[in-house]
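Down below is the structure, laid out as structure tokens.
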Amino acid sequence: MANFSKPSVPRFSVDVYQNEYLPEGGREVNAIVTVTSTGGGTLAGATAAPRPARPDAGAAVALMVDCSGSMDYPPTKMRNARDATAAAVDTLRDGVHFAVIGGTHVAKEVYPGGGRLAVADAGTREQAKQALRRLSAGGGTAIGTWLRLADRLLSSADVAIRHGILLTDGRNEHESPEDLKAALDACAGRFTCDARGVGTDWEVKEVTSIASALLGSADIVADPAGLAADFTRMMENAMGKEVADVALRVWTPVGTTIKFVKQVAPTVEELTGRRTEAGPRAGDYPTGSWGDESRDYHVCVEVPAAGLGQEMLAARVSLVVPQPDGSAQNLGAQGLVRAVWTDDMTASTSINPQVAHYTGQAELAQAIQEGLDLRKAGDIDGATAKLGRAVQLAGTSGNADTAKLLAKVVDVVDAATGTVRLKAKVAEADEMTLETRSTKTVRVKK
């Protein structure tokens, strides 16, 4: 059991990696923006610290546990889910608001009930674990109702950090995809959420879409026996968050167009369509909650053509916390993206190593997803080509974890050329693990 004292507020820094040189007529500028927060949060796996003497009212957490009928097959699955949720409750910091939700075709308050949140201390943690022992499986699955109840409960607390942890073992069969999307749209920006699929009877794209929309992580726990360790890690990570609703603010000058903004480490996450306007020529891209961590973002802008020897500021990137009144708290870190036109061919054709690495990582994620979709559709040649390219990219970028997962789905003939054969038989858990973790990246060595 790991319990953490309340960390201090982190300090943010921004570093920009790019080749600012463009050839005559060149218009596309690419940059990798590394955002780092230090001095706050507690990294998972760190040494346990004593509980603080005074309560911490800075966070609220809702634990959503699938209690549908399928959780009884095998019976150990429900027991493992109860034990995992109990382990997560044990990891709550004193003073954190929390609730446990049982999810079927409806959402039920397991603890504390009455439309409210409990405040973590030795007594409420024990009461929550007692309530968990009474959980049983039965009913359908309507995840949107779980999320809406979590939103109502979390919003009742006057806290900075609102976080959900969601566990499901099946497909969302008792509400329409439109209902789930509406729930995600309603909850986006109100709390973050980590989602886990246990076993192999759930839908990867459903679980990853929940985590993506709510700026959390998604993963598979193929063996229910691994749930307690995974839930503990998730809660440790949630307890380390100290600044919520951080946005990457990108300002561009007149005539400049943003082609895309995406997170590229620790996972690939498209942010372009999530922009909200933030004044003249500026837009905010949501990044969720931060503790002690570092993430990388790829910013691509199109600038007006200029003559040789000219230079311009192509974009300015800063970190802000938007406020309800429309203002924003600036977190005091910014980076500049530049463009310089030159006739030096060596300078203008050199690809920045960070940009090249993450362009390959984004292509790797896409190749895996497309390859698995083609495999399911029976397009053997198309799947072989895409997954072969994925093997090649995983090798050249040093993504050893993804390479190992790919090797469970294809026989690798030559990794360097991407020559592979699809395996005749693939364990469902292996295929789902590859799909779920396809967007996980390795960081470039700077």
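Side chains included, hydrogens not; waters and symmetry mates left out as well; all remaining heavy atoms used.
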Can a donor-acceptor pair be found, under 3.5 Å and without considering hydrogens, that links the side chain of Q354 to the backbone of A31? no

Do the side chain of D223 and the main chain of G226 share a donor and acceptor less than 3.5 angstrom apart? no

Can you name the residues that form a side chain to side chain donor-acceptor pair (under 3.5 Å) with D179, not counting sequence neighbours? S176

So M64 and C193, do their side chains get closer than 4.5 Å, heavy atoms only? yes

pair Y297-I32: side-chain heavy atoms closer than 4.5 Å: no

With the side chain counted from C-beta on, respond yes when Y285 and I258 share a heavy-atom pair under 4.5 Å apart, and no when they do not. yes

With a cut-off of 6.0 Å (strictly less than), are more than 12 heavy atoms of other residues, nucleotides or ligands near CD1 of I351? no

Quick one, L153 and I101 - any side-chain contact, counting heavy atoms below 4.5 Å? yes

Is it true that N399 and S397 share a donor-acceptor pair across their side chains at a distance under 3.5 Å? no

Short question: side chain of T349, backbone of M345 - any donor-acceptor pair under 3.5 Å? yes

When you look at R11 and S37, which way does the side-chain contact (heavy atoms from CB on, under 4.5 Å) test go after all the steps? CA-CA 5 Å; R11 296 180 300 275; S37 64; over 6 Å; no

In the structure I gave you, are the side-chain heavy atoms of L22 and R27 within less than 4.5 Å of one another anywhere? no

Are the side chain of S327 and the backbone N or O of Q323 linked by a donor-acceptor pair below 3.5 Å? no

Under 3.5 Å donor-acceptor, R295 side chain and T34 backbone: no

Hey, are the side chains of T252 and V250 touching, using non-hydrogen atoms and a 4.5 Å cut-off? yes

Between R389 and E370, is there a side-chain N and carboxylate O pair less than 4.0 Å apart? no

Less than 4.5 Å apart, side chain to side chain, heavy atoms only: is that true for K386 and Q366? no

R196 charged N/C atom sitting above W202 aromatic ring, 6.0 Å / 45°: no

Stepwise side-chain contact (heavy atoms from CB on, under 4.5 Å) check, T384 with V420: CA-CA 7 Å; T384 302; V420 303; 4.0 Å; yes

Is a donor on one side and an acceptor on the other found under 3.5 Å between the side chain of T192 and the backbone of G216? no

Would you confirm whether R162, through its side chain, and L154, through its main-chain N or O, come within 3.5 Å as a donor-acceptor pair? yes

Student check: side-chain heavy atoms of N30 and V299 closer than 4.5 Å: no

Output yes when R233 and D230 qualify as a salt bridge under the 4.0 Å nitrogen-oxygen rule, no when they do not. yes

Derivation and outcome, side-chain contact (heavy atoms from CB on, under 4.5 Å), residues V355 and Y17: CA-CA 8 Å; V355 172; Y17 301 90; over 6 Å; no

Can you find a side-chain donor-acceptor pair between S217 and D194 that sits under 3.5 Å? yes

Should we count NZ of K408 as having more than 12 external heavy atoms under 6.0 Å? no

Any luck finding a side-chain donor-acceptor pair between T36 and S294 under 3.5 Å? yes

Apply side-chain hydrogen bond (donor to acceptor under 3.5 Å, both in side chains) to the pair S438 and Q369, showing each step before the final yes or no. CA-CA 7 Å; S438 62; Q369 290 163 14; 3.0 Å; yes

Indicate yes or no for a side-chain donor-acceptor contact from E175 to the backbone of I143 under 3.5 Å, with no hydrogens or angles considered. yes

Do NZ/NE/NH1/NH2 and the carboxylate oxygens of R443 and D296 come within less than 4.0 Å? yes

Show me the side-chain donor-acceptor pairs of residues 411-418 shorter than 3.5 Å, one per line, residues at least two apart or across chains.
from	atom 1	to	atom 2	distance (Å)
D411	OD1	K423	NZ	2.6
D414	OD1	A416	N	3.1
D414	OD2	T417	OG1	3.4
T417	OG1	D414	O	3.4
T417	OG1	T419	OG1	2.7

I'd like to know whether OH of Y21 has more than 12 heavy-atom contacts from other residues, nucleotides or ligands below 6.0 angstrom. no

List the steps and the verdict of side-chain contact (heavy atoms from CB on, under 4.5 Å) for L364 and I368. CA-CA 6 Å; L364 169 60; I368 291 171; 3.9 Å; yes

NZ/NE/NH1/NH2 to OD/OE distance under 4.0 Å, R116 and E109: no

Can F260 and H298 be said to form a ring-ring contact (aromatic ring centres under 6.0 Å, His included), step by step? CA-CA 8 Å; F260 63 77; H298 187 169; 4.8 Å; yes

Is it true that the side chains of E269 and T267 contain a donor and an acceptor less than 3.5 Å apart? no

Whether over 12 other heavy atoms sit under 6.0 Å from Q329 CD: yes

Salt-bridge test for D219 and R437: reply yes if a basic N is under 4.0 Å from a carboxylate O, no otherwise. yes

Pair T287-Q263, side-chain hydrogen bond (donor to acceptor under 3.5 Å, both in side chains): steps then yes or no: CA-CA 9 Å; T287 69; Q263 178 182 287; over 6 Å; no

What donor-acceptor contacts under 3.5 angstrom involve side-chain atoms of residues 310-319, with partners at least two apart or in another chain?
from	atom 1	to	atom 2	distance (Å)
Q310	OE1	G307	N	2.7
E311	OE1	R338	NH2	2.7

Main-chain N/O of D121 paired to T124 side chain as donor or acceptor, under 3.5 Å: yes

R281 vs T256, side-chain hydrogen bond (donor to acceptor under 3.5 Å, both in side chains): CA-CA, chis, key distance, verdict: CA-CA 9 Å; R281 301 190 301 281; T256 299; over 6 Å; no

Any sub-3.5 Å donor-acceptor pair from S350's side-chain atoms to A347's backbone N or O? no

